[in-house]
Student: 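Once you've had a glance at the structure underneath, I'll fire off some questions.
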Amino acid sequence: MNDSRNLPIGVFDSGVGGLTVVRALMERLPLEHLIYYGDTARVPYGVKSRATIENYSAQIVSFLLAQRVKALVIACNTIAAVAGESIRAQAGGMPVIDVIAAGAKAALATSQNSHIAVIATNTTVNSNAYARAIHAQNPAARVQSQACPLLVPLVEEGWLDHDVTRLTVREYLKPILADDADTLVLGCTHYPLLKPLLRSEAPHLTLVDSAATTAASTAQALAAADLLRHDDGQPTRYRYCVSDIPLRFNSIGERFLGRSLGDIETVPLG
Ligand code: DGL
(Lines give C-alpha, C1' and ligand atoms only; values in the text may rest on other atoms or scores of the structure.)
Protein backbone atom coordinates (compact mmCIF):
# COMPACT_ATOMS: atom_id res chain seq x y z
CA MET A 1 0.00 0.00 0.00
CA ASN A 2 1.45 3.38 -1.00
CA ASP A 3 -0.02 5.57 1.71
CA SER A 4 1.89 8.65 2.84
CA ARG A 5 0.41 8.17 6.31
CA ASN A 6 2.82 5.25 6.72
CA LEU A 7 5.91 7.36 6.00
CA PRO A 8 8.17 8.36 8.90
CA ILE A 9 8.37 11.76 10.58
CA GLY A 10 11.83 13.34 10.26
CA VAL A 11 13.08 14.80 13.55
CA PHE A 12 16.36 16.68 13.77
CA ASP A 13 18.66 18.54 16.11
CA SER A 14 22.22 19.80 16.33
CA GLY A 15 23.11 16.73 18.42
CA VAL A 16 21.54 14.53 21.08
CA GLY A 17 19.22 17.11 22.74
CA GLY A 18 16.43 16.48 20.22
CA LEU A 19 16.08 12.97 21.62
CA THR A 20 13.99 14.55 24.40
CA VAL A 21 11.53 15.49 21.65
CA VAL A 22 11.73 11.97 20.16
CA ARG A 23 10.91 10.58 23.59
CA ALA A 24 7.85 12.84 23.86
CA LEU A 25 6.78 11.90 20.29
CA MET A 26 7.05 8.18 21.13
CA GLU A 27 4.77 8.73 24.11
CA ARG A 28 2.26 10.99 22.34
CA LEU A 29 2.25 9.25 18.92
CA PRO A 30 3.26 5.62 19.53
CA LEU A 31 2.21 4.48 16.04
CA GLU A 32 4.43 6.94 14.14
CA HIS A 33 7.64 5.77 12.47
CA LEU A 34 10.45 8.19 13.28
CA ILE A 35 13.80 8.97 11.72
CA TYR A 36 16.11 11.12 13.82
CA TYR A 37 19.11 13.06 12.59
CA GLY A 38 21.59 14.56 15.09
CA ASP A 39 24.52 16.59 13.77
CA THR A 40 26.86 15.30 16.46
CA ALA A 41 30.00 16.10 14.41
CA ARG A 42 29.20 19.83 14.32
CA VAL A 43 27.35 20.42 17.62
CA PRO A 44 27.00 22.92 19.31
CA TYR A 45 24.99 25.19 17.03
CA GLY A 46 24.07 27.53 19.90
CA VAL A 47 27.21 29.64 19.45
CA LYS A 48 27.35 29.62 15.62
CA SER A 49 26.28 32.26 13.10
CA ARG A 50 22.92 32.34 11.34
CA ALA A 51 24.55 31.61 7.92
CA THR A 52 26.31 28.49 9.22
CA ILE A 53 23.21 27.18 11.00
CA GLU A 54 21.08 27.74 7.85
CA ASN A 55 23.65 25.91 5.75
CA TYR A 56 23.93 22.92 8.12
CA SER A 57 20.14 22.73 8.55
CA ALA A 58 19.58 22.71 4.76
CA GLN A 59 21.92 19.70 4.50
CA ILE A 60 20.01 17.83 7.23
CA VAL A 61 16.64 18.62 5.62
CA SER A 62 17.90 17.41 2.19
CA PHE A 63 18.93 14.13 3.80
CA LEU A 64 15.57 13.68 5.54
CA LEU A 65 13.58 14.58 2.41
CA ALA A 66 15.56 11.94 0.52
CA GLN A 67 14.39 9.39 3.15
CA ARG A 68 10.78 10.22 2.14
CA VAL A 69 9.44 11.68 5.37
CA LYS A 70 5.86 12.95 5.64
CA ALA A 71 6.58 15.78 8.11
CA LEU A 72 9.54 17.51 9.73
CA VAL A 73 10.01 18.30 13.41
CA ILE A 74 12.71 20.88 14.20
CA ALA A 75 13.74 19.50 17.58
CA CYS A 76 16.29 22.23 18.24
CA ASN A 77 15.45 25.71 19.47
CA THR A 78 18.58 27.20 17.96
CA ILE A 79 17.76 25.86 14.46
CA ALA A 80 14.11 26.89 14.79
CA ALA A 81 15.18 30.37 15.93
CA VAL A 82 17.32 31.22 12.93
CA ALA A 83 16.53 28.75 10.13
CA GLY A 84 12.81 27.98 10.57
CA GLU A 85 11.81 30.08 7.57
CA SER A 86 14.37 28.66 5.15
CA ILE A 87 13.53 25.11 6.26
CA ARG A 88 9.82 25.68 5.59
CA ALA A 89 10.66 26.99 2.11
CA GLN A 90 12.83 23.94 1.42
CA ALA A 91 10.15 21.53 2.67
CA GLY A 92 7.50 22.81 0.26
CA GLY A 93 4.00 22.14 1.55
CA MET A 94 5.03 19.46 4.05
CA PRO A 95 4.03 20.07 7.71
CA VAL A 96 6.99 21.54 9.63
CA ILE A 97 6.59 21.68 13.40
CA ASP A 98 9.07 23.52 15.55
CA VAL A 99 9.86 23.72 19.23
CA ILE A 100 9.63 27.52 19.45
CA ALA A 101 6.13 27.92 17.98
CA ALA A 102 4.91 25.09 20.24
CA GLY A 103 6.69 26.46 23.33
CA ALA A 104 5.40 30.02 22.79
CA LYS A 105 1.81 28.79 22.49
CA ALA A 106 2.10 26.65 25.62
CA ALA A 107 3.72 29.49 27.59
CA LEU A 108 0.85 31.86 26.81
CA ALA A 109 -1.68 29.21 27.78
CA THR A 110 0.18 28.62 31.07
CA SER A 111 1.01 32.14 32.28
CA GLN A 112 -1.51 33.87 34.52
CA ASN A 113 0.20 37.29 34.44
CA SER A 114 1.53 37.18 30.82
CA HIS A 115 5.10 37.58 32.09
CA ILE A 116 7.13 34.75 30.60
CA ALA A 117 10.80 33.95 31.20
CA VAL A 118 12.80 31.98 28.62
CA ILE A 119 16.13 30.22 29.14
CA ALA A 120 18.00 29.17 25.99
CA THR A 121 21.34 29.18 24.14
CA ASN A 122 23.06 32.44 23.12
CA THR A 123 21.92 32.19 19.50
CA THR A 124 18.30 31.55 20.43
CA VAL A 125 18.26 34.48 22.87
CA ASN A 126 20.02 36.83 20.41
CA SER A 127 17.55 35.90 17.65
CA ASN A 128 14.66 37.12 19.82
CA ALA A 129 12.62 34.29 18.29
CA TYR A 130 10.66 33.43 21.46
CA ALA A 131 9.69 37.06 22.05
CA ARG A 132 8.55 37.37 18.42
CA ALA A 133 6.53 34.14 18.59
CA ILE A 134 4.92 35.15 21.90
CA HIS A 135 4.20 38.74 20.81
CA ALA A 136 2.64 37.52 17.57
CA GLN A 137 -0.07 35.94 19.74
CA ASN A 138 -0.14 38.46 22.60
CA PRO A 139 1.60 41.81 21.97
CA ALA A 140 1.05 42.81 25.61
CA ALA A 141 2.98 39.85 27.06
CA ARG A 142 6.33 40.50 28.77
CA VAL A 143 9.19 38.22 27.73
CA GLN A 144 12.40 38.02 29.71
CA SER A 145 15.16 35.95 28.08
CA GLN A 146 18.30 34.58 29.68
CA ALA A 147 21.13 32.88 27.77
CA CYS A 148 22.51 29.87 29.69
CA PRO A 149 25.48 28.68 27.60
CA LEU A 150 27.01 26.53 30.37
CA LEU A 151 23.97 24.28 30.78
CA VAL A 152 24.37 22.23 27.56
CA PRO A 153 27.84 20.87 28.50
CA LEU A 154 26.72 20.25 32.11
CA VAL A 155 23.72 18.21 30.92
CA GLU A 156 25.88 16.27 28.44
CA GLU A 157 28.25 15.51 31.31
CA GLY A 158 25.29 13.99 33.16
CA TRP A 159 25.57 16.49 36.02
CA LEU A 160 21.83 16.75 36.40
CA ASP A 161 21.83 17.08 40.19
CA HIS A 162 25.36 18.29 40.80
CA ASP A 163 26.37 21.22 43.00
CA VAL A 164 28.13 22.90 40.06
CA THR A 165 24.96 22.72 37.97
CA ARG A 166 22.84 23.95 40.88
CA LEU A 167 25.08 26.99 41.42
CA THR A 168 25.15 27.71 37.68
CA VAL A 169 21.36 27.50 37.44
CA ARG A 170 21.04 29.71 40.54
CA GLU A 171 23.24 32.36 38.93
CA TYR A 172 21.35 32.26 35.61
CA LEU A 173 17.96 32.44 37.32
CA LYS A 174 18.86 35.46 39.48
CA PRO A 175 17.47 38.17 37.14
CA ILE A 176 14.37 36.05 36.48
CA LEU A 177 13.67 35.43 40.16
CA ALA A 178 14.18 39.13 40.89
CA ASP A 179 11.20 39.92 38.65
CA ASP A 180 7.65 38.54 38.60
CA ALA A 181 7.50 36.01 35.73
CA ASP A 182 5.27 33.05 36.59
CA THR A 183 6.27 30.79 33.69
CA LEU A 184 9.67 29.50 32.59
CA VAL A 185 10.12 28.18 29.05
CA LEU A 186 12.85 25.56 28.69
CA GLY A 187 14.07 26.99 25.37
CA CYS A 188 16.71 24.37 24.66
CA THR A 189 16.19 20.67 24.09
CA HIS A 190 18.81 19.79 26.73
CA TYR A 191 16.96 21.50 29.55
CA PRO A 192 14.06 19.06 30.16
CA LEU A 193 16.66 16.86 31.88
CA LEU A 194 17.17 19.65 34.41
CA LYS A 195 13.48 19.88 35.34
CA PRO A 196 13.85 18.48 38.92
CA LEU A 197 16.71 20.89 39.65
CA LEU A 198 14.93 23.87 38.07
CA ARG A 199 11.78 23.06 40.03
CA SER A 200 13.68 23.04 43.30
CA GLU A 201 15.48 26.32 42.49
CA ALA A 202 12.37 28.13 41.22
CA PRO A 203 9.36 26.40 42.81
CA HIS A 204 6.90 29.20 42.01
CA LEU A 205 7.61 29.10 38.24
CA THR A 206 5.57 26.80 36.01
CA LEU A 207 7.93 25.06 33.60
CA VAL A 208 7.05 24.78 29.91
CA ASP A 209 8.82 21.76 28.44
CA SER A 210 9.12 22.31 24.69
CA ALA A 211 9.48 18.54 24.07
CA ALA A 212 5.98 17.74 25.33
CA THR A 213 4.40 20.76 23.64
CA THR A 214 6.11 19.95 20.32
CA ALA A 215 4.74 16.40 20.42
CA ALA A 216 1.23 17.77 21.00
CA SER A 217 1.64 20.24 18.08
CA THR A 218 2.89 17.41 15.85
CA ALA A 219 -0.20 15.34 16.66
CA GLN A 220 -2.41 18.32 15.75
CA ALA A 221 -0.55 19.08 12.50
CA LEU A 222 -0.66 15.44 11.34
CA ALA A 223 -4.36 15.15 12.14
CA ALA A 224 -5.10 18.39 10.24
CA ALA A 225 -3.23 17.08 7.17
CA ASP A 226 -4.80 13.59 7.47
CA LEU A 227 -1.32 12.15 7.91
CA LEU A 228 -1.73 10.19 11.16
CA ARG A 229 -0.64 6.58 10.77
CA HIS A 230 -3.29 3.98 11.52
CA ASP A 231 -2.58 0.73 13.30
CA ASP A 232 -1.85 -1.85 10.58
CA GLY A 233 -0.43 -4.44 12.96
CA GLN A 234 3.15 -3.65 11.83
CA PRO A 235 5.66 -2.58 14.49
CA THR A 236 6.68 1.08 14.74
CA ARG A 237 10.17 1.71 13.31
CA TYR A 238 12.76 4.09 14.77
CA ARG A 239 15.98 5.04 12.93
CA TYR A 240 18.77 7.07 14.51
CA CYS A 241 21.28 8.81 12.23
CA VAL A 242 24.17 10.99 13.37
CA SER A 243 27.07 12.71 11.62
CA ASP A 244 29.56 11.21 14.09
CA ILE A 245 29.49 8.76 16.97
CA PRO A 246 31.48 10.53 19.67
CA LEU A 247 32.79 8.97 22.86
CA ARG A 248 30.01 7.92 25.30
CA PHE A 249 27.35 8.75 22.67
CA ASN A 250 25.21 5.74 23.57
CA SER A 251 25.06 6.43 27.29
CA ILE A 252 24.41 10.16 26.77
CA GLY A 253 21.78 9.47 24.10
CA GLU A 254 20.01 6.91 26.25
CA ARG A 255 19.78 9.44 29.08
CA PHE A 256 17.92 11.82 26.73
CA LEU A 257 15.75 9.15 25.14
CA GLY A 258 14.99 7.23 28.32
CA ARG A 259 15.52 3.91 26.53
CA SER A 260 18.13 2.02 24.52
CA LEU A 261 19.07 3.56 21.15
CA GLY A 262 19.68 0.28 19.32
CA ASP A 263 21.46 0.60 15.96
CA ILE A 264 22.90 4.01 15.14
CA GLU A 265 23.75 4.93 11.52
CA THR A 266 26.61 7.30 10.75
CA VAL A 267 25.63 9.71 7.95
CA PRO A 268 28.21 12.50 7.50
CA LEU A 269 26.94 15.63 5.71
CA GLY A 270 28.60 18.50 3.85
N1 DGL B 1 19.71 21.57 20.80
C2 DGL B 1 20.07 22.96 20.93
C3 DGL B 1 18.83 23.80 21.28
O4 DGL B 1 17.74 23.30 21.52
C5 DGL B 1 21.16 23.19 21.94
C6 DGL B 1 22.51 22.58 21.61
C7 DGL B 1 23.35 23.40 20.66
O8 DGL B 1 23.87 24.47 21.05
O9 DGL B 1 23.54 22.95 19.53
O10 DGL B 1 18.93 25.01 21.28
Side-chain angles (χ1 to χ4, degrees), residues 10-25 36-57 59-61 72-84 87 96-104 106-107 118-133 145-160 165 168-169 172 184-195 198 207-215 217-218 240-244 246 249 252-253 255-257 269-270:
V11 187
F12 61 104
D13 175 47
S14 55
V16 283
L19 291 173
T20 55
V21 178
V22 170
R23 181 182 190 160
L25 284 167
Y36 181 77
Y37 191 90
D39 196 0
T40 44
R42 302 187 290 200
V43 71
Y45 281 17
V47 289
K48 292 189 169 68
S49 70
R50 171 181 290 265
T52 298
I53 296 166
E54 275 182 349
N55 176 27
Y56 289 175
S57 306
Q59 293 169 6
I60 299 173
V61 170
L72 289 169
V73 175
I74 309 176
C76 175
N77 292 264
T78 306
I79 297 176
V82 300
I87 290 167
V96 178
I97 299 92
D98 80 73
V99 276
I100 293 187
V118 180
I119 51 173
T121 63
N122 286 325
T123 304
T124 301
V125 168
N126 291 340
S127 75
N128 222 19
Y130 267 101
R132 276 188 278 118
S145 301
Q146 174 67 47
C148 305
L150 295 175
L151 296 187
V152 165
L154 288 169
V155 170
E156 296 218 345
E157 194 56 38
W159 288 9
L160 305 180
T165 314
T168 309
V169 161
Y172 283 142
L184 180 66
V185 178
L186 311 186
C188 171
T189 48
H190 281 63
Y191 301 169
L193 275 78
L194 292 174
K195 271 204 277 192
L198 288 164
L207 305 185
V208 171
D209 172 348
S210 49
T213 53
T214 301
S217 293
T218 305
Y240 304 101
C241 306
V242 291
S243 43
D244 186 28
F249 177 77
I252 297 170
R255 197 179 299 135
F256 281 81
L257 191 62
L269 297 175

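Each ligand, and each atom within it, is numbered from 1 in the order the structure gives. The basis for the numbers below is simple: all heavy atoms, side chains too, and nothing from hydrogens, waters or symmetry mates.
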Student: Taking Cys76's backbone N and O only, do any of them form a donor-acceptor pair with Thr189's side chain (distance below 3.5 Å, no angle check)?
Tutor: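 Between the backbone of Cys76 and the side chain of Thr189 there is no qualifying donor-acceptor contact (under 3.5 Å).
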Student: Quick check: does Asp13 get an N/O under 3.5 Å from an N/O on ligand 1?
Tutor: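 Yes, Asp13 has an N/O under 3.5 Å of an N/O on ligand 1.
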Student: Quick check on contacts: which atoms of ligand 1 are under 4.0 angstrom from a heavy atom of Thr121?
Tutor: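 Those of ligand 1 that fall under 4.0 Å from Thr121 are 5 (C), 8 (O), 10 (O).
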Student: Please answer whether the main-chain N or O of Leu269 pairs with a side-chain N or O of Ser243 as donor and acceptor at a distance below 3.5 Å.
Tutor: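 No: the side chain of Ser243 does not pair with the backbone of Leu269.
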Student: Counting both backbone and side chain atoms, is some N or O of Ser14 under 3.5 Å from an N or O of ligand 1?
Tutor: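 Among all N and O atoms of Ser14, at least one is under 3.5 Å from an N or O of ligand 1.
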Student: Heavy-atom contacts under 4.0 Å between Val43 and ligand 1: side chain, backbone, both, or neither?
Tutor: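 Side chain only.
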Student: Between the main-chain N or O of Ala131 and the side-chain N or O of Asn128, is there a donor-acceptor pair closer than 3.5 Å?
Tutor: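 Here the side-chain-to-backbone pair does not exist.
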Student: I want to know if ligand 1 touches Thr189 in the polar sense, i.e. an N/O pair below 3.5 angstrom.
Tutor: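 Looking only at distances, the answer is yes, because the N/O contact criterion of under 3.5 Å is met.
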Student: So, does Arg132 use its side chain to make a donor-acceptor pair with the main chain of Ser127 at under 3.5 Å?
Tutor: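 Confirmed, Arg132 side chain pairs with Ser127 backbone.
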Student: Name each donor-acceptor pair under 3.5 Å that joins a side chain in residues 41-48 to protein atoms two or more places apart or in another chain, with its distance.
Tutor:
| unit_1 | atom_1 | unit_2 | atom_2 | d |
| --- | --- | --- | --- | --- |
| Arg42 | NE | Asp39 | OD1 | 3.3 |
| Arg42 | NE | Asp39 | OD2 | 2.8 |
| Arg42 | NH1 | Gln59 | OE1 | 3.0 |
| Arg42 | NH2 | Asp39 | OD2 | 3.1 |
| Arg42 | NH2 | Gln59 | OE1 | 2.8 |
| Tyr45 | OH | Asp39 | OD2 | 2.4 |
| Lys48 | NZ | Arg42 | O | 2.9 |
| Lys48 | NZ | Pro44 | O | 2.5 |

Student: Which protein heavy atom lies closest to atom 10 (O) of ligand 1, and at what distance to 0.1 Å?
Tutor: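 It is Thr78 OG1, 2.6 Å.
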Student: Taking all heavy atoms of Ile74 and all of Gly84, pick out the closest pair and write down the distance.
Tutor: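 Scanning both residues, the minimum pair turns out to be CD1-CA, 4.2 Å.
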Student: Tell me: protein heavy atom nearest atom 5 (C) of ligand 1, and distance?
Tutor: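 For this ligand atom, the closest protein heavy atom is Cys188 SG, 3.5 Å.
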Student: At what distance is the nearest protein heavy atom to atom 8 (O) of ligand 1, and which residue and atom is it?
Tutor: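 The answer is Gly46 N, 2.8 Å.
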Student: Quick one: CG on Asp209 to OG1 on Thr20, what's the gap to the nearest 0.5 Å?
Tutor: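 That separation rounds to 7.0 Å.
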Student: Tell me the protein heavy atom at minimum distance from atom 2 (C) of ligand 1, and give that distance in Å.
Tutor: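 It is Cys76 SG, 3.4 Å.
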